[in-house]
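Computation of the quantities below employed the complete heavy-atom set of this structure, encompassing side-chain atoms and omitting hydrogens, waters and symmetry-equivalent molecules. All values derive from a computational prediction rather than experimental measurement. We're numbering straight along the sequence, starting at 1.
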Amino acid sequence: MTAYNHFNFEGMTTYYLCGASKEDRRYAVTQKTSFSQTTLLGSRSGVMLHDGPTKGHPIIAAAGDESIPPTRYASTRYFTHGANSDILLLDPTNPNSSKVISTSMEGKVSSEGDVIFDFRLDISDEPTVPHCEFSWVEVKKGSPGFKYGGFKLMQYLGGILAQEALALLIYNERFEMTFCKEMFAFQYTDKANKLNTGGQFIRAAIISAIRLHHLRSTKRTSAAGLRFAQKIGGPK
């Protein structure tokens with residue numbers, strides 16, 4: 001899927017994930033600031049994924065600035081400069097359900113200097129199936145297939161990060177004189193298609209990719225940005 005920032009009547013904070021063409025709108029994405037209030041994210045800034053091509057469709061996932069206990073950051077319950085995020089997954093078959101699956105995505109810089117965003121997820125309702133751990137690993141500009149950079153989604157297997165990607169987030173920065181700008185591309189790999197990961201993983205992969213693009217727009221996916229956020233955010 002490709003994200004397009006169409007000229008539209010739903011507001012400047014809405015864009016769309018599209019299929020084979022920009023007219024093939026699959027999902028609407030709304031971006032919110034800390035000044036607006038929603039049931040899911042409260043007053044935190046973040047993004048929300050709708051189960052259809054307009055923001056009038058039900059929200060099936062959201063991601064925003066992490067909640068922080070007041071003992072850590074007394075003046076507010078969230079940290080707007082941080083790169084860590086809360087991810088919320090709703091039941092797409094029952095939009096009115098109060099059941100919300102939540103997880104967190106934590107940004108860090110590895111000892112090798114790589115930017116990594118980790119999250120864990122229960123991909124099965126069976127209690128005997130352990131949770132899975134995933135990581136978005138930054139791909140530098142100019143890498144094959146990543147002219148403007150991006151991220152690859154990997155899975156931890158036995159505590160080791162597998163080298164085969166499950167999904168790709170590919171940035172686009174080329175200048176376009178148009179009312180319909182291509183923002184980024186998101187795609188699953190053959191590896192992901194062969195795994196029986198379920199709908200929770202699909203929603204988590206999409207909303208976490210959207211959140212990474214959102215963080216990037218505020219300079220929170222760079223190594224320098226992560227180090228700065230950790231410095232002023234303090235220890236957990």
Side-chain angles (χ1 to χ4, degrees), residues 13 29-49 59-90 100-123 131-139 149-156 159 161 166-167 169 171 184 186 200-236:
T13 59
V29 178
T30 51
Q31 305 173 89
K32 71 174 293 292
T33 67
S34 58
F35 299 104
S36 59
Q37 191 82 13
T38 64
T39 302
L40 276 176
L41 294 176
S43 57
R44 292 176 286 168
S45 66
V47 288
M48 295 174 289
L49 176 67
I59 297 171
I60 56 174
D65 295 340
E66 69 168 337
S67 294
I68 295 180
T71 53
R72 283 185 56 205
Y73 205 67
S75 62
T76 183
R77 292 196 62 202
Y78 59 93
F79 178 35
T80 58
H81 296 288
N84 296 345
S85 306
D86 289 337
I87 295 176
L88 308 173
L89 307 177
L90 286 75
V100 177
I101 298 171
S102 63
T103 187
S104 59
M105 183 169 69
E106 181 177 349
K108 62 183 181 181
V109 181
S110 72
S111 58
E112 292 80 19
D114 297 321
V115 171
I116 296 174
F117 284 83
D118 292 330
F119 68 91
R120 61 175 55 188
L121 187 69
D122 294 322
I123 62 174
H131 66 258
C132 295
E133 296 184 5
F134 302 94
S135 184
W136 283 104
V137 180
E138 184 183 32
V139 181
F151 281 85
K152 290 183 178 181
L153 181 61
M154 314 288 201
Q155 183 178 2
Y156 284 95
L161 197 60
L166 299 176
L169 171 62
Y171 295 142
F184 63 86
F186 171 87
Q200 291 182 19
F201 167 77
I202 292 174
R203 295 194 301 280
I206 294 175
I207 193 63
S208 60
I210 294 169
R211 174 60 173 169
L212 283 176
H213 177 267
H214 181 249
L215 289 172
R216 182 174 181 257
S217 67
T218 53
K219 312 299 183 185
R220 288 187 278 173
T221 58
S222 66
L226 286 172
R227 292 189 180 102
F228 173 76
Q230 185 177 21
K231 181 178 179 180
I232 64 175
K236 290 188 176 182

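Ring pair Y171/F151 is perpendicular by interplanar angle, where above 60° counts as perpendicular and below 30° as parallel.
Taking all atoms of both residues into account, the shortest heavy-atom contact from Q200 to L89 is O-CD1, 3.7 Å. Heavy atoms only, all atoms of each residue included: A205 and L153 are closest at CB-CD2, 4.0 Å. The heavy-atom pair separating A204 from S208 by the smallest distance is O-OG, 2.7 Å. Taking each heavy atom of V115 and S222 in turn, the nearest pair found is CG2-C, 4.1 Å. Here the closest non-hydrogen pair linking N84 and G107 is OD1-N, 3.0 Å.
Between the CG atom in L169 and the CD1 atom in I210 there is a gap of 9.5 Å [rounded to 0.5 Å]. Interatomic distance, L49 CG to I60 CD1, rounded to the nearest 0.5 Å: 4.5 Å. Distance CE/M105 to CG/L215: 6.0 Å, rounded to 0.5 Å. Separation of atoms CZ (F201) and SG (C132) is listed at 9.0 Å; rounding is to 0.5 Å. Taking CH2 of W136 as the start and CG of L166 as the end, the distance is 9.0 Å to the nearest 0.5 Å. Here the OG atom belonging to S104 is positioned 8.0 Å from the CD1 atom belonging to I87, to the nearest 0.5 angstrom.
K108 is linked by a salt bridge (charged side-chain N to carboxylate O under 4.0 Å, His left out) to D118, counting only residues two or more places apart in sequence or in another chain. Qualifying side chain to side chain contact (heavy atoms under 4.5 Å, CB included) partners for V137, counting only residues two or more places apart in sequence or in other chains: I116, S135, M154, L161. Taking the side chain to side chain contact (heavy atoms under 4.5 Å, CB included) definition, one finds that T218 meets it with R220, sequence neighbours left out.
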Step-by-step side-chain contact (heavy atoms from CB on, under 4.5 Å) determination, L212 to F186: CA-CA 11 Å; L212 283 176; F186 171 87; over 6 Å; no
Ring pair (Phe, Tyr, Trp, His ring centres under 6.0 Å) between F134 and F119, worked out: CA-CA 5 Å; F134 302 94; F119 68 91; 5.5 Å; yes
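Using a 4.5 Å heavy-atom threshold, the side chains of L41 and M48 count as touching. Between I59 and L88 there is no side-chain heavy-atom pair separated by less than 4.5 Å.
Panel note: side chain D86, backbone A63; no donor-acceptor pair is recorded below 3.5 Å. At distances below 3.5 Å, at least one donor-acceptor pair connects side-chain atoms of T103 with backbone N or O atoms of R120.
Under the 3.5 Å distance criterion, with hydrogens and angles disregarded, a donor-acceptor pair is assigned to the side chains of H214 and R211.
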